[in-house]
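Have a look at the structure below before the remarks.
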Amino acid sequence: MKKRVYIIYTGGTIGMVRTNKGYAPQKGYMQKELDTFSELKADIMPEYTIKEYEPLLDSSNMSQVEWIKIAKDIEVHYNEYDGFVILHGTDTMAYTASALCFMLEGLDKPVVLTGSQIPLCEVRNDARENIITALQIAAGGEVSEVCLYFGGKLFRGCRSVKTSSDTLDAFGSPNFPPLAVAGVRIEMNEDLIMKKKNRGIHVLEFGDYPIAVVKIFPGIQTEILENMLKPPLRGIIIEALGVGNIPDRDQRLASVLNEAAQRGVIIVVCTQCLKGYAYIGEYETSSMLVDAGAVSGYDMTAEAAATKLYYLLSKGYSVERIKTLMHENLRGELSKPLHPDMI
Ligand code: ASP
């Protein structure tokens, strides 16, 4: 029997057409184009249903509302399909992939996000290959997690980042090897793929929490951080220097951080380096963060850390529990053994 894949088309460059105002999505275009792909009629290809969202979005406009819509759609169609493909703009694809990793609790089937740098309407494009291979991976059943396929590589969703705005290998997973490489064959890295859970799927809807992500740079003024840390902020991802350092010559910063922490603001420290860990406490320049009870985000991407914070806040956990779980491995988002409960 043919495998069945549910395609969710959210928008993005992949399905855009030329208009007199520049590239823009067009209703019905994706379905019409896919119907003309002879490759999709091959025996080895799955049957598919395409669900076009309204409105089709440039992914810069994605938010928790759309993440929930996608997750609920997957939940509703979960038993009818073998896998899911999400066609998405590249700009925030790594955020949506990370968010879905947390939101889709108990996921046991492939969910593959893809898009393209050049739209399908152009003669030379990367959309066609990305769609065909994403469909094969979604039908293949080897992976049982949220992942992102682009430019010949399959990445774990919560490890992926957009690394290039204009080359066709637009994504990377700097702290984790690809789950698969699609060359002559699609070579799966079996040892890295998540094991099936058989617990049933459940969507944890994210709430609209006030959180922030800030990148530290030389000369950043304490007032900037002070303003960001004011109520109603619930949590902040600090993209710190190197292994988690910040400029500490202005001693007022210590009280700014401590006051925020006492109000229950969760401070998570990631590195702004593309590769490697943040681990506060190694250098004196991170001691203000240690003293304020900040948590190290280890080798999480800022995308994973921000969506994980949404997830843990949405679970309704206490500040202390959130801080503990921030540095546990829940979905493969950081390099530690998996948390036994994989909540
Ligand atoms: N701005 C577009 C978007 O993210 C770019 C793309 O689709 O690749 O929707």
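Just so it is clear, the structure is predicted and the values come from calculations on it, not from any experiment.
If you look at Y298 and Y279, their ring centroids are closer than 6.0 Å.
With hydrophobic clusters built from ILVMFWY side chains whose heavy atoms lie under 4.5 angstrom apart, V5 does not share a cluster with I8. When hydrophobic clusters are built by joining Ile, Leu, Val, Met, Phe, Trp and Tyr residues whose side-chain heavy atoms come closer than 4.5 Å, directly or via intermediates, I211 is grouped together with L330. Linking ILVMFWY residues whenever their side-chain heavy atoms come closer than 4.5 Å, directly or via other members, leaves I14 and L168 in distinct clusters. Note: the hydrophobic cluster containing Y277 does not contain V290 (ILVMFWY, side chain heavy atoms under 4.5 Å, direct or indirect links). Hydrophobic clustering keeps F217 apart from Y283 (ILVMFWY residues linked when any side-chain heavy atoms are closer than 4.5 Å, directly or through intermediates).
The two residues S60 and D91 come nearest to each other via the heavy atoms OG-OD2, 3.8 Å. When all heavy atoms are compared, the tightest approach of Y23 to P119 is CE2-CG, 3.7 Å.
Side-chain N or O atoms of N125 include one that pairs as donor or acceptor with a backbone N or O of R128 at under 3.5 Å. Side chain of S296 to backbone of I280: a donor-acceptor contact under 3.5 angstrom is found.
Because its NZ or CZ atom is both nearer than 6.0 Å to the ring centre of Y78 and within 45° of the ring axis, K109 counts as a cation-pi partner of that residue.
Between L104 and V203, some side-chain heavy-atom pair lies under the 4.5 Å cut-off.
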Worksheet entry | CA sep, side-chain torsions, deciding dist, call: C101, Y311, side chain to side chain contact (heavy atoms under 4.5 Å, CB included) | CA-CA 10 Å; C101 281; Y311 173 70; over 6 Å; no
Worksheet entry | Stepwise side chain to side chain contact (heavy atoms under 4.5 Å, CB included) test for L87 and T114 | CA-CA 5 Å; L87 303 179; T114 197; 3.7 Å; yes
Item to complete: Give the C-alpha distance, both sets of side-chain angles, the deciding distance and a yes or no for salt bridge (Lys or Arg N to Asp or Glu O under 4.0 Å) between K27 and E54.
Response: CA-CA 9 Å; K27 266 185 160 187; E54 158 72 36; 3.6 Å; yes
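Rounded to the nearest 0.5 Å, atoms CG (L225) and CD1 (I216) are 5.0 Å apart. To the nearest 0.5 Å, atoms CG (D126) and CD1 (I118) are separated by 5.0 Å. Remark: L192 CG to R156 CZ distance equals 7.0 Å, nearest 0.5 Å. Atom CG of L135 sits about 8.0 Å away from atom OH of Y48, to the nearest 0.5 Å.
Using a cut-off of 4.0 Å between Lys/Arg side-chain N and Asp/Glu carboxylate O, E223 and R252 are scored as salt-bridged. At a threshold of 4.0 Å, the pair K72-E205 counts as salt-bridged, since one of the basic side-chain nitrogens sits closer than that to a carboxylate oxygen. In this structure, R331 does not pair ionically with E145, as no charged nitrogen and carboxylate oxygen lie closer than 4.0 Å. Taking the charged nitrogens against the carboxylate oxygens, D299 and R159 do have a contact shorter than 4.0 Å, which makes a salt bridge. Classification of E122 and R18 as a salt-bridged pair holds, one side-chain N sitting under 4.0 Å from a carboxylate O.
Residues Q136 and Y149 have side chains that never bring a donor and an acceptor to within less than 3.5 angstrom of each other. For the 3.5 Å distance criterion, the side chains of T133 and E129 qualify, holding a donor opposite an acceptor.
Ring orientation note: the planes of W67 and Y310 are nearly perpendicular, at an angle over 60° on the 30°/60° scale.
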